[in-house]
2 protein chains.
Amino acid sequence: MKGYLWAPSAATQAKSEGASWESLAIDAVGNVIEFWGFKRNQGRVWALLYLRDAAMTAAELERELALSKGGVSMLIRDLERWGVVLRVRQPNDASWHYRAETDLMQMARRVIEEREFSFIARVRADLAEARRLAEADPATPKPKIDRIRKMEAVAEATEKALSVFLKTSRFDVGAMFDRFRS
Amino acid sequence: MKGYLWAPSAATQAKSEGASWESLAIDAVGNVIEFWGFKRNQGRVWALLYLRDAAMTAAELERELALSKGGVSMLIRDLERWGVVLRVRQPNDASWHYRAETDLMQMARRVIEEREFSFIARVRADLAEARRLAEADPATPKPKIDRIRKMEAVAEATEKALSVFLKTSRFDVGAMFDRFRS
DNA sequence: CATGCAGTTCAAAACGGCTTGAACTATATG
DNA sequence: CATATAGTTCAAGCCGTTTTGAACTGCATG
């Protein structure tokens with residue numbers, strides 16, 4: 001919804017060890033997740049951890065994804081808070097390692113559920129309130145009230161799309177995920 | 001998906017003639033439309049014209065919505081291009097007047113259809129390409145390929161939500177709109 | 001064809017979100 | 001306890017988007 005002229009970014013940067021298709025997949029995840037109002041880099045961090053299926057240190061994430069120290073720290077904090085990344089101690093290493101915990105989808109579902117639904121609920125409430133006020137005033141012409149009602153339909157369609165996303169992620173993906181669970 | 005701490009904005013500004021519930025409805029529309037990646041003020045301009053169901057001049061829009069002259073000009077240009085606002089000549093008035101033409105929904109549907117779908121198609125293609133590349137390399141462990149497959153599910157769910165939004169806007173709202181057509 | 005108003009354009013400013021990096025805190029180790 | 005390294009914080013900077021406003025264009029009118 002912003003610019004969408006992604007850097008062609010073939011072989012983005014020097015230091016990364018991963019296969020080139022890896023960064024393709026990682027960036028793709030970053031893009032969808034950004035679509036849903038999260039930060040692109042939250043998606044990228046999760047995607048790397050998930051794809052590697054290994055516990056990595058902040059320093060590694062920093063290097064592989066070309067992020068700053070502070071940035072990694074904050075991104076991880078968010079992902080941990082949402083429960084999609086777990087912090088673990090590795091046998092004989094002083095530093096923390098991070099692992100992808102659950103499917104990103106679950107997180108997106110939870111967050112969208114509270115954040116977006118309340119947003120759209122608020123919009124609907126405003127529209128309903130406007131209609132109530134309009135109806136209370138006897139001077140308001142009838143068609144005008146109908147027009148507000150029609151506006152509410154825009155909000156309703158938005159709500160429906162959101163709820164389908166949530167349902168889809170619960171069933172389709174949930175099932176898929178379980179089936180493939182490693 | 002940005003800030004969502006809308007200005008409380010009771011009785012926003014001095015000049016507006018409209019009932020206070022009017023601006024409530026107008027801002028609500030601005031909010032949903034912004035959610036779908038349009039400009040908040042595009043939604044507000046359309047909403048005012050639609051609600052008033054009257055042809056208004058740029059100067060009126062400027063005053064009622066507290067926008068700048070240049071801003072109104074550009075907003076209207078967009079809305080005209082999308083076919084949701086029509087420019088008409090009023091009997092004996094030198095200046096143009098603008099009317100809300102179709103339902104905003106139709107416009108959103110069209111634009112989302114081309115803009116968002118191609119966006120998500122691109123994400124899916126990237127993921128598919130990554131998987132193809134991964135599969136081509138015999139060294140890639142099987143579970144890693146499965147993980148890419150699971151990532152594709154995120155994109156699929158997004159696509160499904162989008163398509164439901166489009167369908168909903170076509171049927172539910174379309175029907176509703178016709179029924180109420182003034 | 002001069003005047004004035006409607007409408008357009010676009011560079012600059014404002015704005016908002018994201019990232020950076022330096023200072024700081026916490027923790028492990030000798 | 002001193003030191004080193006990992007991790008956190010947050011003000012400042014960066015960057016993309018939106019809005020502004022002044023200059024400009026076009027058009028109608030006397």
Side-chain angles (χ1 to χ4, degrees), chain A residues 1-7 12-13 27 30-31 33-45 55-81 85-99 115 119, chain B residues 1-7 9 12-13 27 30-31 33-46 55-81 85-99 115 119:
Chain A
M1 265 108 156
K2 312 284 168 49
Y4 298 157
L5 358 90
W6 321 292
T12 302
Q13 39 102 223
D27 289 353
N31 287 330
I33 220 59
E34 186 178 31
F35 175 95
W36 287 108
F38 300 92
K39 295 185 198 167
R40 174 193 177 68
N41 282 330
Q42 286 165 350
R44 298 212 310 140
V45 167
M56 299 175 68
T57 63
E60 283 171 314
L61 294 171
E62 194 179 325
R63 185 165 49 77
E64 300 270 343
L65 301 173
L67 298 170
S68 67
K69 197 158 124 82
V72 169
S73 170
M74 289 189 306
L75 292 168
I76 283 175
R77 179 151 51 74
D78 297 333
L79 295 170
E80 269 185 303
R81 187 157 38 80
V85 155
L86 198 65
R87 169 181 304 231
V88 296
R89 275 283 179 218
Q90 212 73 334
N92 45 7
D93 191 330
S95 55
W96 287 103
H97 287 233
Y98 306 92
R99 284 195 132 281
R115 193 227 280 141
F119 161 74
Chain B
M1 263 107 158
K2 312 285 167 50
Y4 298 157
L5 359 90
W6 321 292
S9 78
T12 302
Q13 39 104 222
D27 289 353
N31 288 329
I33 220 58
E34 186 178 32
F35 175 95
W36 286 107
F38 300 92
K39 292 185 199 168
R40 173 193 179 69
N41 282 332
Q42 287 166 348
R44 299 212 310 140
V45 168
W46 178 85
M56 299 175 67
T57 63
E60 283 171 313
L61 293 171
E62 193 180 326
R63 185 166 48 78
E64 299 271 342
L65 300 173
L67 298 169
S68 66
K69 197 159 126 82
V72 169
S73 171
M74 290 189 307
L75 292 170
I76 283 176
R77 179 153 51 74
D78 297 334
L79 295 171
E80 269 185 304
R81 186 158 38 80
V85 155
L86 199 65
R87 169 181 308 230
V88 297
R89 276 279 179 221
Q90 212 72 335
N92 44 8
D93 192 329
S95 56
W96 288 104
H97 286 233
Y98 307 92
R99 284 195 131 282
R115 192 227 277 143
F119 161 73

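Note that this is a predicted model, so its numbers are computed, not measured. Hydrogens, waters and symmetry mates play no part in the numbers below; they use all other heavy atoms, side chains included. First the proteins, then the strands, lettered A, B, ... as listed; each starts at 1.
- Of the possible donor and acceptor atoms, none in the side chain of A:Arg77 sits under 3.5 Å from a partner among the backbone N and O of A:Val72.
- The pair A:Glu80-A:Arg87 meets the salt-bridge criterion, with a side-chain N (NZ, NE, NH1 or NH2) lying under 4.0 Å from an Asp/Glu carboxylate O.
- In this structure, B:Arg77 places its CZ atom 11 Å from C1' of C:dC10, rounding to the nearest Å.
- Between A:Gly70 and B:Gly71, the residue anchored closer to the 5' end of DNA chain D is A:Gly70, taking for each the nucleotide with the nearest heavy atom.
- Between the CD atom of A:Glu80 and the P atom of D:dG7 there is a distance of 11 Å, rounded to whole Å.
- Here A:Lys39 lies in heavy-atom contact (under 4.0 Å) with sugar-phosphate atoms only.
- At least one donor-acceptor pair closer than 3.5 Å links the side chain of B:Arg115 to the backbone N or O of B:Gly37.
- Distance CD (B:Glu60) to C1' (C:dG7): 15 Å, rounded to an integer number of Å.
- Here B:Ala94 lies out of heavy-atom contact (under 4.0 Å) with every strand.
- B:Arg44 contributes a side-chain N or O that, together with a main-chain N or O of B:Leu65, makes up a donor-acceptor pair within less than 3.5 Å.
- Both A:Trp96 and A:Met74 sit near DNA chain D, but only A:Trp96 has its closest nucleotide nearer the 5' end.
- Whole-Å rounding puts the A:Leu75 CG to C:dT19 P distance at 6 Å.
- Put simply, B:Arg87 has a side-chain N or O that comes within less than 4.0 Å of OP1 or OP2 on C:dT8.
- Look at B:Asn41 and you won't find any side-chain N or O under 4.0 angstrom from OP1 or OP2 of D:dT18.
- A:Asp78 has its CG atom 10 Å from the P atom of C:dT19, to the nearest Å.
- Contacts of B:Ser95 with the nucleic acid, taken as non-hydrogen atoms under 4.0 Å apart, involve only primed sugar atoms and P, OP1 or OP2.
- Across all strands shown, B:Tyr98 has heavy atoms under 4.0 Å from sugar-phosphate atoms exclusively, and none from any base.
- A:Arg89 places a side-chain N or O within donor-acceptor distance of the main-chain N or O of A:Ala94, the cut-off being under 3.5 Å.
- Atom-to-atom, CZ of A:Arg89 to P of D:dT5 comes out at 16 Å; the value is rounded to the nearest Å.
- Nucleotide C:dA6 holds its P atom 10 Å from the CD atom of B:Glu62, rounded to whole Å.
- Projected onto DNA chain C by closest heavy-atom contact, A:Ser68 and B:Lys69 fall at different nucleotides, the more 5' of which corresponds to B:Lys69.
- Taking atom CD1 of B:Ile76 as the reference point, atom P of D:dT18 lies 18 Å away to the nearest angstrom.
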